[in-house]
Visitor: 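Sending over a structure as structure tokens; questions will come in a sec.
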Amino acid sequence: MGAADAQTKRPLCFLLLGPPGAGKGTQSAIIARRTGVARISTGEMLRDAIARKTPLGEQAAPLMDNGNLVPDSLLVALIAERVTEADCTNGFLLDGFPRTVNQAESLDRLVADRGMELVVMNFDVPRAVLLRRLSGRRWCPNCQATYHVETSPSKKPGICDQCGSKLIQRPDDRENVVAKRLEAYEAQTVPVIQHYEKRGPVHRVDGYRDVDDVFAEVEQYLTGAMS
Ligand code: AMP
């Protein structure tokens, strides 16, 4: 890419769509580490707000614990504020947002106002695999690192490799809550994929593979989008 191109290239907004357990969190963390792009995970921001007992956290906790989505107005405000931070100037990556068509329309306006370009990926994973992944997922309430009891266990069982805290199961990864989350996904988030398919390319990623194989494909697609 030449210097002139670099000056005219619009900042990118990467969207990682897909059901809970599809690997969006894992892949977005790798992308952020490798490329330095700012990663915004709305689920992590909400869990952090719950831990800090902020007004947002107090509102979100009962909804999340039952597998429901948090109201659009709260999420749209959260994103609008987050993207004004300095690390988002040259682009950002969203994990877990937008989850409704209403959120997608707000994001479309934000992206247009900032002169950004969207790059959309959709992670596809069979339902039986999602259920296995979510039921075996373990989470560190201190640093939000995630593990899986079979596929990516912590070095010391039940203890976070990164900060030494005790790992737990996320309250919304319990079996009955997972079923509700998948219902919410089908009803409210699948239409978001259709929303973007009408506007431009949505790259389908087969998420039922090794983390490294999935990342190799993601990297190839992103490199193309960034060049
Ligand atoms: P995640 O960590 O992305 O699986 O999100 C966990 C939970 O946070 C979801 O089940 C929702 O209750 C809530 N949440 C995260 N992102 C959003 C969003 N964009 N809109 C509404 N609720 C959200």
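Here the structure is a predicted model, which means the values were calculated and not measured. Indexing begins at 1, ligand by ligand and atom by atom, following the structure's order.
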Visitor: Please state which option from M64, M45, R99, R181 has its nearest heavy atom closest to atom 5 (O) of ligand 1.
Guide: R99
Visitor: Within the structure, is a non-hydrogen atom of L75 found at a distance of less than 4.0 Å from ligand 1?
Guide: yes
Visitor: Hey, could you give me each pair passing side chain to side chain donor-acceptor pair (under 3.5 Å) that has a residue in residues 178-191? Not counting sequence neighbours.
Guide: D173-R181
Visitor: Identify, for atom 2 (O) of ligand 1, the protein heavy atom at the shortest distance, and state residue, atom and that distance.
Guide: R47 NH1, 2.9 Å
Visitor: Check this for me, if you would: do R39 and E44 make a salt bridge, where the nitrogen-to-carboxylate-oxygen distance has to be below 4.0 angstrom?
Guide: yes
Visitor: List the atom of D65, the atom of R174, and the distance in Å for their closest heavy-atom pair.
Guide: O-NH2, 3.9 Å
Visitor: Considering non-hydrogen atoms only, spot the tightest contact between I159 and K166 and give its length.
Guide: CD1-CA, 4.4 Å
Visitor: Below a 4.0 angstrom heavy-atom separation, can you tell me which part of Q103, side chain or backbone, both or neither, approaches ligand 1?
Guide: side chain
Visitor: Can you confirm, on distance only, whether ligand 1 has an N/O atom lying under 3.5 Å from any N/O atom belonging to L46?
Guide: no
Visitor: Look at atom 11 (C) of ligand 1 and say which protein heavy atom is nearest, naming residue and atom and giving the distance to 0.1 Å.
Guide: N68 O, 3.7 Å
Visitor: Are F14 and M226 side-chain neighbours, meaning at least one heavy-atom pair lies under 4.5 Å?
Guide: yes
Visitor: Which residue holds the protein heavy atom closest to atom 22 (N) of ligand 1, what is that atom called, and what is the gap in Å?
Guide: V70 N, 3.1 Å
Visitor: Identify, by atom number and element, the atoms of ligand 1 in contact range of T42, meaning under 4.0 Å from any of its heavy atoms.
Guide: 15 (C), 16 (N), 17 (C), 19 (N)
Visitor: Which ILVMFWY residues are connected to L167, directly or by a chain of links, through side-chain heavy atoms under 4.5 Å apart?
Guide: Y147
Visitor: So, 4.0 Å and heavy atoms of R170: is ligand 1 close enough to count as a contact?
Guide: yes
